[in-house]
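Let me begin by handing over the structure; questions about it come next.
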Amino acid sequence: MNKGLPKRSENYSEWYNELVKRADLADHSDVRGCMVIKPYGYSIWEKMQQALDKKFKETGHSNAYFPVFVPKSLFEAEEKNAEGFAKECAVVTHYRLKTDPYKKGQLIVDPDAKLEEELIVRPTSEAVIWSTYKKWIQSYRDLPLLINQWANVVRWEMRTRIFLRTAEFLWQEGHTAHATQDEAMQETLTMLEVYAEFAEKYMALPVIKGRKTENERFAGAVETFCIEALMQDGKALQAGTSHFLGQNFAKAFDVKFSNKDNTLEYVWGTSWGVSTRLMGALIMAHSDDEGLVLPPLLAPIQVVIVPIFKTAEQLNSISEKAQHIKKLLEEKNITVKYDNSDKQTPGFKFAEYELKGVPLRIAIGPRDLENNTIEIARRDTKEKKSIAFSELVHIVPQWLSSIQENLYQRALNFRSKHTHICDSYGQFQKILDNEGGFILAHWDGSPETEEKIKEETKATIRCIPLDFKKENGKCIYSGKPSVGRVLFARAY
RNA sequence: CGGGGUGUAGCGUAGCCCGGUUAUCGCGCCUGGUUUGGGACCAGGAGGUCGUGUGUUCGAAUCACACCACCCCGACCA
C-alpha cells in the first residue's frame with residue numbers, strides 16, 4: 001500500500017523529505033536547490049511571521065524594504081563580510097536576452113547588454129542597508145535607527161535540503177544603528193531574547209542561547225549570538241542569530257553621527273535574522289512517524305471536525321451540529337475546519353489530518369447525535385475520548401493549551417536526555433557516533449583545537465552558552481586548561 | 001569540483017546483463033455502482049518524446065559514444 005511515511009528510526013532524512021511533501025508543506029522546484037512553499041506550509045510561515053512581526057513592533061522596530069540587487073562595489077565595501085559570502089553569490093551580469101539567430105524560438109543572453117557593474121543577488125542586506133543608513137544618519141537625534149525587513153535572499157549552496165538549506169529562502173533581517181556600544185549590544189541581546197521566547201512559546205522548541213566562537217561567527221560581526229535547538233535525530237540546528245556588528249559596517253560605509261558635543265562618531269550596528277529554516281526546525285522537533293505534529297499556536301487549522309455518516313439525512317443533521325461547534329469555537333478564537341466532503345472516508349480523513357499535524361480532531365457520527373456526545377482526539381498523544389457536547393467549549397481550549405505545553409515538555413525532556421556532560425575525548429566520539437545530542441565539554445579556547453575536533457568528529461561548537469558557568473577543567477582535546485564548558489554537537 | 005548512482009505515465013517502479021510483436025505492476029486520476037465510527041470495494045477507462053542526441057543493427061527502453069538533469073557521499077554553509 002505504501003501509505004505510511006518512512007520510519008524516523010530507519011531513515012531520518014527520507015522521513016523528513018517525504019513528510020515535507022506529503023503534508024503539503026513544500027515541493028522541490030524546477031530550479032536546483034529552490035523550493036515551492038505550498039499554501040499549507042506557507043500559512044505556517046505566515047503564523048510565524050505574524051508572531052515575530054508583532055514582537056519586532058513591540059520592541060520599537062519598523063519594517064522597510066531594500067532592493068534584492070547589490071552593486072558589486074557596495075558589496076565588497078565591508079571586506080570580511082564580502083569575503084565570507086563571496087563563494088555563494090549569484091551574480092547578474094546582463095540585462096537583456098535576444099532571440100538566438102541560429103536556433104529558432106530560443107533565447108540567448110545579449111552580449112551587447114553587459115552591465116557596467118555586476119549586481120550581486122543579496123545573500124544578506126548589510127551592504128545596501130548601510131549605504132542607505134549613511135544618508136539617513138547625521139545626528140544623535142537620528143538614532144537609534146531600528147529597521148526590519150521581510151525578504152528573500154539567495155545563497156548558492158552546494159548541497160541543499162528543503163527548508164533547512166535552500167538556494168533561495170525567506171527570512172527577516174533586522175538592521176539597527178545606535179549611538180553607543182552598550183546600546184547596540186543591548187539590542188543584540190534583546191533580539192536574541194525575542195527569538196528565544198518565540199521558539200519556546202510558539203514553536204514549543206526549547207533553545208540554548210549562546211555566543212558563537214570566532215570560527216562560527218557571522219562574517220563582519222564582532223560578536224554573534226544564536227539560539228540552538230536539538231532535533232530528534234540528535235543533530236543541532238541553529239534557529240536564529242543576532243549579531244553585534246560593532247562599528248565594522250559604519251566604518252566600511254562611513255556612517256557617522258554628531259553627538260551632543262558636536263563631535264563625529266561612527267555608529268554601532270546590529271543585525272539579526274530568522275528564516276524559513278524555522279519550518280525545518282518545527283518539523284524535526286515534534287513530528288512522528290504518522291506525520292507532522294504542530295503546536296496549536298502555529299497550526300493553520302487547530303481543530304478539524306470530521307463527520308461520520310451513511311446517508312444524506314445523517315450528514316445534514318451532523319453538519320448542523322458541526323457548524324454550531326465551529327461557531328462556538330471560533331468565538332473563542334480557535335481556527336476550525338469542518339470537512340464535510342463525501343469524497344473521502346472518515347478513516348482517510350483521520351490519517352490525512354494526522355499527516356498534516358492538526359492538533360485536535362473532533363468526530364461526530366450518528367451515535368453521537370443520539371447521545372449528545374462527540375469524540376475528541378489529540379494529535380500529540382493520540383489520546384481519544386468521548387465527551388458530552390456541553391463540555392466541548394471548555395475542553396477544546398484546555399486540550400489545545402495542554403498540547404502546546406506537552407510538546408514543549410516533550411522536546412525539553414528529549415533535550416535533557418540527550419545533553420551529555422563529557423570529560424574524555426574517547427567518550428565524546430562514542431556519544432556522537434551512538435546517539436548524538438548536545439555535549440558539554442571543556443575547550444581550551446583556541447580555533448585550532450575547535451578545527452581539529454571538527455575534522456575528526458564533524459562536531460562543532462554550537463555556542464558558548466550564555467549561562468556558562470565558570471568551572472576549571474582541561475580541554476577535552478588538548479588537555480590545556482579551560483574555564484568552562486561549551487556546547488558541542490553535529491549540526492545541520 | 002572529486003567519488004558513486006539514477007533517469008521508463010502525475011508519483012513510485014519491472015523490463016536492460018542476454019536487442020525481436022501491443023512496454024510491466026502499484027498508487028493516483030476519470031466513469032458507474034456498492035460503501036462510510038481508522039487510509040473502502042468491484043467493474044470499466046484515460047494517460048508514454050522509455051532524459052537528449054548520434055551511432056551500430058533488418059530491428060534499440062535494451063548495445064556504443066557524447067551530452068543533459070537529478071540524487072547520495074565529500075569539500076562549503078543560515
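So you know, we letter chains A, B, ... as the sequences are listed, proteins then strands, and number each from 1.
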Discussion item. Within the 4.0 Å heavy-atom criterion, would you say A:Arg361 contacts the bases, only the backbone, or no part of the nucleic acid?
Written reply: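 Contact class for A:Arg361: base.
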Worksheet item: Given that both distances must come in under 3.5 Å, which nucleotide forms a Watson-Crick or G-U wobble pair with B:G38?
Response: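 The base-pairing partner of B:G38, which may sit in any strand shown, does not exist here.
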Discussion item. B:A40, OP1 or OP2 - any side-chain N/O from A:Thr345 closer than 4.0 Å?
Written reply: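 Result: yes.
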Worksheet item: Where the side chain of A:Phe309 is defined as all heavy atoms beyond and including C-beta, which of B:U36, B:G38, B:G39 is the nearest nucleotide?
Response: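 Of the candidates, B:U36 comes closest.
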Discussion item. Could you tell me how far B:G55 sits from B:G12 if I compare only their P atoms? Round to whole Å.
Written reply: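 The same atom, P, in both gives a distance of 32 Å.
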Fill in: First encountered from the 5' end of RNA chain B, between A:Lys458 and A:Arg155
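Final value for this comparison: A:Lys458.
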Worksheet entry | Nearest-Å distance once atom P is located in both B:G48 and B:U52 |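 B:G48 and B:U52 have their P atoms separated by 14 Å.
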Practice prompt. Go through the side-chain N and O atoms of A:Glu118 and A:His94 and say whether any donor and acceptor fall under 3.5 Å apart.
Written response: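 No pair is found: no donor N or O on one side chain lies under 3.5 Å from an acceptor on the other.
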Worksheet item: Under 3.5 Å, side chain of A:Arg361 to main-chain N/O of A:Lys349, donor-acceptor pair present?
Response: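 Not a single qualifying donor-acceptor pair exists.
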Discussion item. With rounding to the closest Å, how many angstrom separate the P atoms on B:U24 and B:A46?
Written reply: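 The same atom, P, in both gives a distance of 13 Å.
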Worksheet item: When all nucleic acid strands are considered with a 4.0 Å heavy-atom cut-off, which category describes A:Phe169: base, sugar-phosphate, or nothing?
Response: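 A:Phe169: base contact, heavy atoms under 4.0 Å.
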Worksheet entry | A:Thr241 or A:Glu354, whichever maps to the more 5' nucleotide of RNA chain B |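 In this pair, the answer is A:Glu354.
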Item to complete: Go through B:G37, B:G38, B:A78 for me and flag the one nearest to the A:Ser275 side chain.
Response: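 Selected nucleotide: B:A78.
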Practice prompt. Measure distances between side-chain N and O atoms of A:Gln344 and base N and O atoms of B:G39, and say whether any donor-acceptor pair falls under 3.5 Å.
Written response: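 Counting by modelled atom types and ignoring angles, no donor-acceptor contact under 3.5 Å is found here.
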Worksheet item: Hey, does the side-chain of A:Lys310 have a donor or acceptor N/O within less than 3.5 Å of a partner on the base of B:G37?
Response: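 Not at all, since no donor on one side and acceptor on the other fall under 3.5 Å apart.
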Discussion item. Rounding to an integer number of angstrom, what distance separates B:C76 and B:C1 when you compare their C1' atoms?
Written reply: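 Between the two C1' atoms, the distance is 12 Å.
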Worksheet item: What's the closest nucleotide to the A:Met158 side chain, out of B:G38, B:C76, B:G37?
Response: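 That would be B:C76.
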Discussion item. What's A:Leu237 touching, base or sugar-phosphate or nothing? Going by heavy atoms closer than 4.0 Å.
Written reply: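 Touches nothing.
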Item to complete: Just name whichever nucleotide pairs with B:C65, Watson-Crick or G-U, keeping both distances under 3.5 Å, else none.
Response: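 Pairing partner, where one exists within any strand: B:G53.
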Discussion item. Ring of A:Tyr338, cation from A:Lys326 - is the NZ or CZ under 6.0 Å from the centre and inside 45° of the axis?
Written reply: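 No, A:Lys326 does not lie over the aromatic ring of A:Tyr338.
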Worksheet entry | Proximity to the side chain of A:Lys87 - top-ranked nucleotide from B:G39, B:G38, B:C76 |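 So the side chain of A:Lys87 is nearest to B:C76.
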Worksheet item: Between B:G39, B:G38, B:G37, which nucleotide has the shortest distance from any of its atoms to the side chain of A:Arg367?
Response: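 Nearest to the side chain of A:Arg367 among the choices is B:G37.
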Discussion item. Which nucleotide, if any, forms a Watson-Crick or G-U wobble pair with B:C1, using both distances under 3.5 Å?
Written reply: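 Paired with B:C1, as far as the under-3.5 Å criterion goes, is B:G74.
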Worksheet entry | Under 3.5 Å donor-acceptor, A:Asp433 side chain and A:Lys430 backbone |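 Looks like no, no N/O pair under 3.5 Å.
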Worksheet item: Using purine N1 to pyrimidine N3 plus N6-O4 or O6-N4 for Watson-Crick, or N1-O2 and O6-N3 for G-U wobble, each under 3.5 Å, what pairs with B:C11?
Response: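 Across all strands, the one nucleotide that pairs with B:C11 is B:G26.
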Practice prompt. Mind checking A:Thr166 for me? I need base, sugar-phosphate or nothing, with any heavy atom below 4.0 Å counting as a touch.
Written response: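 Here A:Thr166 touches the bases of the nucleic acid.
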Fill in: B:G20 and B:C25, which share atom name C1', separated by this distance in whole Å
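B:C25 and B:G20 have their C1' atoms separated by 23 Å.
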Item to complete: Quote, to the nearest angstrom, the P distance that separates B:G45 from B:C67.
Response: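 Looking at atom P only, B:G45 and B:C67 are 45 Å apart.
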Worksheet item: Quick one: which of B:G39, B:G37, B:A78 gets closest to the side chain of A:Glu157?
Response: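 Selected nucleotide (nearest to the side chain): B:A78.
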Worksheet entry | P-based separation of B:C72 from B:U13 [nearest Å] |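 It works out to 14 Å between them.
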Fill in: Partner nucleotide, any strand, of B:U21 [Watson-Crick/G-U, under 3.5 Å]
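Partner of B:U21: none.
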Item to complete: If the plane angle is over 60° it's perpendicular, under 30° parallel, otherwise tilted; pick one for A:His61 and A:Trp272.
Response: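 The rings of A:His61 and A:Trp272 stand perpendicular, inter-plane angle above 60°.
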Discussion item. Hydrogens and angles aside, do A:Thr460 and A:Arg490 bring a side-chain donor and acceptor to less than 3.5 Å of each other?
Written reply: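 Their side chains do not contain a donor-acceptor pair, so the 3.5 Å distance test is not met.
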Fill in: For B:A43, the Watson-Crick or wobble partner whose two distances fall under 3.5 Å
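Answer to the pairing question: B:U31, which forms a Watson-Crick or G-U pair with B:A43.
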Worksheet item: Mind checking the C1' distance from B:C16 to B:C50? Whole angstroms is fine.
Response: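 To the nearest whole Å, 11 Å.
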Discussion item. Base, sugar-phosphate or nothing for A:Asp368? Non-hydrogen atoms, less than 4.0 Å.
Written reply: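 Here A:Asp368 touches the bases of the nucleic acid.
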Discussion item. Using whole Å, what does the distance between atom P of nucleotide B:G37 and atom CZ of A:Phe348 come to?
Written reply: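 It works out to 14 Å between those atoms.
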Worksheet item: What does A:Gln238 touch in the nucleic acid at a heavy-atom separation under 4.0 angstrom: a base, only the sugar-phosphate, or nothing?
Response: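 Sugar-phosphate, no base atom in range.
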Discussion item. Side chain to side chain contact (heavy atoms under 4.5 Å, CB included), that's the test. Do A:Val20 and A:Ile283 meet it? Break it down for me.
Written reply: CA-CA 8 Å; A:Val20 168; A:Ile283 296 159; 4.0 Å; yes
